[in-house]
Amino acid sequence: MKTFERQDEIVLCRQFVVVLVDLAKQSGVHPDKILKGTRCFYQDLEQANLTISTAEYLTIIDNTLRLTNRDDLSFILGRKYFPSQLGQLSQAFLNCKNLLEMLKLCQLFQLQIFPFLYIEVAKTDNKTHLLFNSAIGEISTSQQTFLYEFVLSAMIGAIKYRFGELIPMTIKLPYKQVDYIEQYHVHIGNKVSFDQQLAMLTIEDKYLTQALQDCSQSLKKIALQDARIIRKEKYMIGFVQAVSQFISTRLINYDVSLERCAVYFAMSPATLKRKLAQHKTSYQILLDKIRCQQAIFAMMEHQYNNEYIAHRLQFNDVTNFRRAFKRWTGMTPSAFRASSAVLS
C-alpha cells in the first residue's frame with residue numbers, strides 16, 4: 001500500500017487552491033497573503049500540475065479564515081467543485097448509473113477527489129451511513145469545520161445535480177452549532193445536528209440504487225481512461241488513514257497492538273510512533289477514536305448492549321469499557337444513550 005505523508009506535495013492546486021484564492025481575492029485580500037506560509041505565489045498557480053502538501057493547504061485555510069472574515073467560502077468552494085474542478089473525473093461521475101456507483105468512485109479515487117478525509121461505509125436496515133475521518137492526522141476545529149463544510153457541500157451539490165432535487169439525508173457533525181447556521185440550510189439542508197460524537201451522513205438505501213438519467217457506462221470508461229489515472233495513484237492514501245484502517249478492519253478479531261501494526265507496515269515501533277507524531281497524533285489516539293466511533297455507532301444504530309460492544313472492541317470486561325467510554329465522551333454509556341434519545 002502506497003501512502004503519503006503530511007509534507008508530501010500531493011494536493012493539486014487547480015482543484016483546491018485556485019478557486020479559494022480567487023474567492024479571497026474578490027473579498028479584497030491579496031492572493032500572496034492567502035498563500036503565506038507555503039512555497040508558492042499567486043503567479044505559480046497558473047502551472048497546470050502544480051501541487052502542494054496537505055500541511056500547506058491547511059495553512060491556506062487558516063489564512064483564508066483569518067483574512068476574509070467570510071462564513072460562506074467553504075460552501076461556495078464545495079458548490080464549485082463538481083462538476084467544474086474535477087476534469088475528466090467529472091465526466092465519469094456524470095455517467096455513473098446510480099449513487100452507489102458514484103460513492104465507489106469517491107473511495108477508489110480519493111487521492112484525486114479529496115485526500116484530506118476518508119469515508120467508512122456502515123450499514124443498518126435499509127440505510128447506509130458514511131462516517132468521515134481525517135486522513136492526515138489531527139487538525140484544528142476551524143480546519144475540520146471548513147473541510148466538512150467543503151466536502152458536504154460538494155457531495156450534496158453533486159447529488160442534487162444528478163437527481164434534480166435534494167433527496168432525504170441526515171447529517172451529524174462533531175462540533176458545536178455555528179453562528180452562520182443559515183449557510184448550512186442553504187447549502188447542506190435542514191437535517192443537520194451538531195455537537196455529535198460522529199461525523200456522519202445517512203441515506204436510505206433505495207436512493208443509492210435508484211437509476212440516474214442520461215448516463216453512459218461507455219462514456220464513463222472513456223473518461224477514466226482520458227484522465228490517465230493509473231492503479232498506483234488510485235490507492236495512494238494518507239499514512240494516518242492507512243493506520244486507522246489497519247485498526248478498524250482488525251479490531252474485532254485480531255491483534256491491534258502498536259507492535260503488530262509496526263510489523264504490518266514493515267517498520268519498528270519507534271518509527272511508527274515518530275511518523276504518527278509528525279501527523280500530530282499517536283497510535284493510542286487513533287485506537288481510542290476508532291473504538292469510540294464503533295462503540296457509538298453500535299449503540300445508536302444497532303442498539304447493542306454494553307457487554308456485546310465491550311467484547312467486540314476487545315475490552316477485558318464491561319467495567320473497563322464503561323471507564324474508557326466516559327474518558328472518550330465525558331459520559332457513561334447509559335447517560336449517553338439517554339441524552340441521544342432526548343435529542344432524537
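The shortest side-chain heavy-atom distance between Phe325 and Arg291 does not fall under the 4.5 Å cut-off. In this structure the side chain of Ser134 never reaches within 4.5 angstrom of the side chain of Gln144, judged on heavy atoms. Counting heavy atoms from C-beta on, the side chains of Leu258 and Gln284 never come closer than 4.5 Å. Annotation: side chain of Phe75 is not in contact with side chain of Val186 (no heavy-atom distance under 4.5 Å).
Salt-bridge formation is not detected for the pair Arg6/Glu56: no Lys NZ or Arg NE/NH1/NH2 atom is positioned less than 4.0 Å from an Asp or Glu carboxylate oxygen. Looking at Glu101 and Lys220, a side-chain N of the basic residue comes within less than 4.0 Å of a carboxylate O on the acidic one, giving a salt bridge. One finds a salt bridge joining Asp205 and Lys123 here, because a Lys/Arg side-chain nitrogen approaches an Asp/Glu carboxylate oxygen to under 4.0 Å.
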Side chain to side chain contact (heavy atoms under 4.5 Å, CB included) assessment of Met169 paired with Ile188: CA-CA 10 Å; Met169 290 176 283; Ile188 294 177; over 6 Å; no
Full working for side chain to side chain contact (heavy atoms under 4.5 Å, CB included) between Tyr184 and Val178: CA-CA 9 Å; Tyr184 280 76; Val178 297; 3.3 Å; yes
Side chain to side chain contact (heavy atoms under 4.5 Å, CB included) between Ser193 and Gln177, worked out: CA-CA 8 Å; Ser193 55; Gln177 181 171 313; over 6 Å; no
Candidate pair Glu5 and Lys275, rule salt bridge (charged side-chain N to carboxylate O under 4.0 Å, His left out), full reasoning: CA-CA 9 Å; Glu5 306 291 342; Lys275 286 172 71 71; 2.5 Å; yes
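Stacking of Arg260 on the aromatic ring of Phe246 is not recorded, the 6.0 Å distance cut-off and the 45° axial limit not both being met. Geometrically, Lys273 does not engage Tyr283 in a cation-pi contact, judged by NZ or CZ lying under 6.0 Å from the ring centre and within 45° of the ring axis.
Using a 3.5 Å distance cut-off with no hydrogens or angles, the side chains of Arg337 and Asn306 do pair a donor with an acceptor. The closest side-chain donor-acceptor pair between Ser142 and Thr145, if any, does not fall under 3.5 angstrom. For the residue pair Asp62/Gln143, the side-chain donor-acceptor check at 3.5 Å is satisfied. Tyr264 and Glu259 are not linked by any side-chain donor-acceptor pair at a separation below 3.5 angstrom, with hydrogens and angles left out of the test. No side-chain donor-acceptor contact under 3.5 Å links Gln7 and Gln278. In this model, no donor atom of one side chain and acceptor atom of the other lie less than 3.5 Å apart for Thr209 and Asn98. Side chain to side chain, Gln293 and Asn133 meet the donor-acceptor criterion of an N or O pair below 3.5 Å. Of the N and O atoms on the side chains of Ser153 and His187, not one donor lies less than 3.5 Å from an acceptor on the other residue. Donor-acceptor pairing under 3.5 Å is recorded for the side chains of Ser334 and Thr332. The closest side-chain donor-acceptor pair between Thr124 and His129 falls under 3.5 angstrom.
Other residues, nucleotides and ligands contribute only 12 or fewer heavy atoms inside 6.0 Å of the OH atom of Tyr254. Heavy-atom contacts from other residues, nucleotides or ligands closer than 6.0 Å to CD of Gln213 number 12 or fewer. A 6.0 Å sphere centred on CD of Gln43 holds more than 12 heavy atoms belonging to other residues, nucleotides or ligands. No more than 12 heavy atoms of other residues, nucleotides or ligands lie within 6.0 Å of CZ in Phe41, so this atom counts as exposed by the packing criterion. Annotation for Asn69: atom CG does not count as buried by contact number, only 12 or fewer foreign heavy atoms lying within 6.0 Å. Annotation: Tyr161, atom OH; neighbour count of heavy atoms from other residues, nucleotides and ligands within 6.0 Å does not exceed 12. Surrounding CG of Asp214 are at most 12 heavy atoms belonging to other residues, nucleotides or ligands under 6.0 Å away.
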Can you give me every donor-acceptor pair (side chain of residues 10-23, partner residue at least two apart or in another chain, under 3.5 Å) with its distance?
| unit_1 | atom_1 | unit_2 | atom_2 | d |
| --- | --- | --- | --- | --- |
| Gln15 | NE2 | Tyr81 | OH | 3.2 |
| Gln15 | NE2 | Gln112 | O | 2.6 |
| Asp22 | OD1 | Tyr42 | OH | 2.8 |

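The ring of Phe239 has its center no closer than 6.0 angstrom to the ring center of Phe4. Between Tyr148 and Phe150, the ring centre distance reaches or exceeds 6.0 Å. Not less than 6.0 angstrom separates the ring centroid of Tyr57 from the ring centroid of Phe146.
Under a hydrophobic-cluster definition in which Ile, Leu, Val, Met, Phe, Trp and Tyr are linked whenever side-chain heavy atoms come within less than 4.5 Å, directly or via other members, Phe163 and Leu152 are assigned to the same cluster.
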